[in-house]
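Read the structure below first, then the notes.
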Amino acid sequence: MRRKLVAGNWKLNLGPAAAAKLARQVALGVPGLDRPPEVLVCPPYVSIPAVAAVLKDSAVRLGAQNCAVEDAGAFTGEVSAPMLAEAGATHVIVAHSERRTHQRETDDDFVRKIDRAHAAGLTAVFCYGERLEERRAGRERDVVRAQLAAVLPRLASPAPANLVLAYEPVWAIGTGETATPEQAQEIHAFSRGIVGELLGNDAAARMRILYGGSMKPDNAVELMRQPDIDGGLIGGASLKAEDFLAIVRGAI
Ligand code: PGA
């Protein structure tokens, strides 16, 4: 049975003081729950130490939103996976659509980043999903297959213990438009089939696949009740403790 994971992607929001405050509210809210899922928050790099201090004795996990393709060297402005691990992170998001678009990151980058993350002992959360024009053209399955096939088989150690997938249809991110539970379930089941082809049936059965894209308290339960949706990657609604905790509560 796959344990659900509810992850907050804080994006470019919350400096150290505000991030520590939100992390404290989340950490206080989670233990009161009956059967809490795994919970993860991903602040901006600069807020990681402050959040790590707050979460030190808590069950809430800490992730980064990106990492460098190298561990060290002359790469101005970069932050590496070993540094993130040292700062207290256990997870790192890789291949978010905003980085695919704005930073023009490529499949080669994703493979290198995930391998660096794994070598540093981090769990990678690998994002994929089609754009609006691709869905309109009925190409979502082709896109999903291509994005998974371009990365998963090339990883040095692609195992469900250190890898989580996040299906995020780009047209649903930050738009208020969510995939219906049926639409999401269809692609999640399809994705699991692809994972089976690429990594084997055992990996497919154990791999967690999160849904991301305008997940909110009022749609989270229905989405996460689908058999192949193993949690959520939440942007906007993760910035309010009350909303994020409501989603956490819905992850049964
Ligand atoms: P959203 O973002 O919940 O604000 O749509 C999700 C994400 O980009 O991870």
Side-chain angles (χ1 to χ4, degrees), residues 4-14 18-19 22-23 26 37-45 47-48 51 60-67 89 91-105 110 113-114 117 122-132 134-135 140 143-144 147-148 151 163-181 183-184 187-188 191 208-224 226 229-251:
K4 292 249 187 330
L5 169 63
V6 177
N9 173 10
W10 294 354
K11 306 194 179 184
L12 182 49
N13 297 290
L14 310 181
L22 179 56
V26 171
E38 196 171 10
V39 179
L40 169 70
V41 295
C42 302
Y45 286 144
S47 299
I48 284 178
V51 172
V60 177
R61 318 295 294 276
L62 172 57
Q65 300 169 17
N66 178 42
C67 68
H91 290 66
V92 60
I93 298 171
V94 175
H96 192 281
S97 65
E98 285 151 17
R99 296 201 63 87
R100 289 178 187 261
T101 304
H102 304 311
Q103 275 74 31
R104 312 231 159 131
E105 291 187 0
F110 306 146
K113 287 177 184 213
I114 296 172
L122 301 176
T123 295
V125 180
F126 174 63
C127 305
Y128 66 99
E130 81 284 0
R131 296 195 304 266
L132 179 59
E134 294 164 335
R135 176 156 287 255
E140 62 272 14
V143 171
V144 160
Q147 289 179 346
L148 295 174
V151 172
L163 185 63
V164 174
L165 305 182
Y167 170 60
E168 298 207 305
V170 180
W171 47 271
I173 296 178
T175 57
E177 187 163 337
T178 324
T180 64
Q183 278 174 326
I187 298 294
H188 279 240
S191 303
R208 288 184 291 181
I209 308 179
L210 314 183
Y211 170 80
S214 298
M215 193 185 264
K216 307 256 177 323
D218 63 2
N219 59 27
V221 173
E222 229 10 81
L223 284 161
M224 290 191 287
Q226 304 303 313
I229 300 185
D230 305 309
L233 181 56
I234 296 118
S238 72
L239 294 172
K240 271 206 203 142
E242 200 181 302
D243 286 355
F244 186 62
L245 288 168
I247 296 172
V248 169
R249 261 193 300 279

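On a predicted model such as this, the values are computed, not experimentally measured, just so you know. In each ligand, atom 1 is the first atom listed, and ligand 1 is the first ligand listed.
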If you count the atoms of ligand 1 from 1 in the order shown, which ones are under 4.0 Å from a heavy atom of [X]?
| X | value |
| --- | --- |
| Ala172 | 5 (O) |
| Glu168 | 6 (C), 7 (C), 8 (O), 9 (O) |
| Ser214 | 1 (P), 3 (O), 5 (O) |
| His96 | 7 (C), 8 (O), 9 (O) |
| Gly236 | 1 (P), 3 (O), 4 (O) |
| Gly213 | 5 (O) |

* To do: Walk me through it: do Lys216 and Asn219 pass the test side chain to side chain contact (heavy atoms under 4.5 Å, CB included)?
  => CA-CA 6 Å; Lys216 307 256 177 323; Asn219 59 27; 4.1 Å; yes
Report yes or no: does a heavy atom of [X] sit under 4.0 Å from some atom of ligand 1?
| X | answer |
| --- | --- |
| Cys127 | no |
| Gly174 | yes |
| Lys216 | no |
| Gly212 | no |

Taking the side chain as every heavy atom from C-beta outward, state whether [X] and [Y] have any pair of such atoms under 4.5 Å apart.
| X | Y | result |
| --- | --- | --- |
| Glu38 | Arg61 | yes |
| Tyr211 | Ile187 | no |
| Gln65 | Pro44 | yes |
| Arg100 | Tyr128 | yes |

inquiry  = With a heavy-atom distance limit of 4.0 Å, tell me whether Asn9 approaches ligand 1 through its side chain, its backbone, both, or neither.
reply    =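 Just the side chain.
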* Asked: Which one holds for Ala166 and ligand 1: side chain close, backbone close, both close, or neither close, with close meaning a heavy atom under 4.0 Å?
  ->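 Looking at Ala166 and ligand 1, no heavy atom falls under 4.0 Å.
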Checklist entry - Using the ring of each side chain (for Trp, its six-membered ring), is His188 parallel, tilted or perpendicular to Tyr167, with breaks at 30° and 60°? => result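 Answer is perpendicular, since the angle exceeds 60°.
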**Asked** Above 12 or not: heavy atoms from other molecules or residues under 6.0 Å from CZ of Arg131?
**Response**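 Atom CZ in Arg131 is not crowded, with 12 or fewer foreign heavy atoms closer than 6.0 Å.
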Going by the side-chain contact (heavy atoms from CB on, under 4.5 Å) test, name the single residue among Leu210, Thr123, Asp230 that passes it with Leu5.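 Testing Leu5 for a side-chain contact (heavy atoms from CB on, under 4.5 Å) against Leu210, Thr123, Asp230 leaves exactly one candidate, Leu210.
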Practice problem: Check each of Leu233, Leu165, Val164, Val94 against Cys127 using the side-chain contact (heavy atoms from CB on, under 4.5 Å) test, and report the only one that passes. | Solution: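 Going through Leu233, Leu165, Val164, Val94 one by one, the side-chain contact (heavy atoms from CB on, under 4.5 Å) with Cys127 is satisfied by Leu233 alone.
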message: Students should be able to answer this: which protein heavy-atom is nearest to atom 2 (O) of ligand 1, and at what distance?
response: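 The closest heavy atom on the protein side is Lys11 NZ, 3.3 Å.
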To which protein heavy atom is atom 3 (O) of ligand 1 closest, and what is the distance rounded to 0.1 Å?
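Result: Gly235 N, 2.8 Å.
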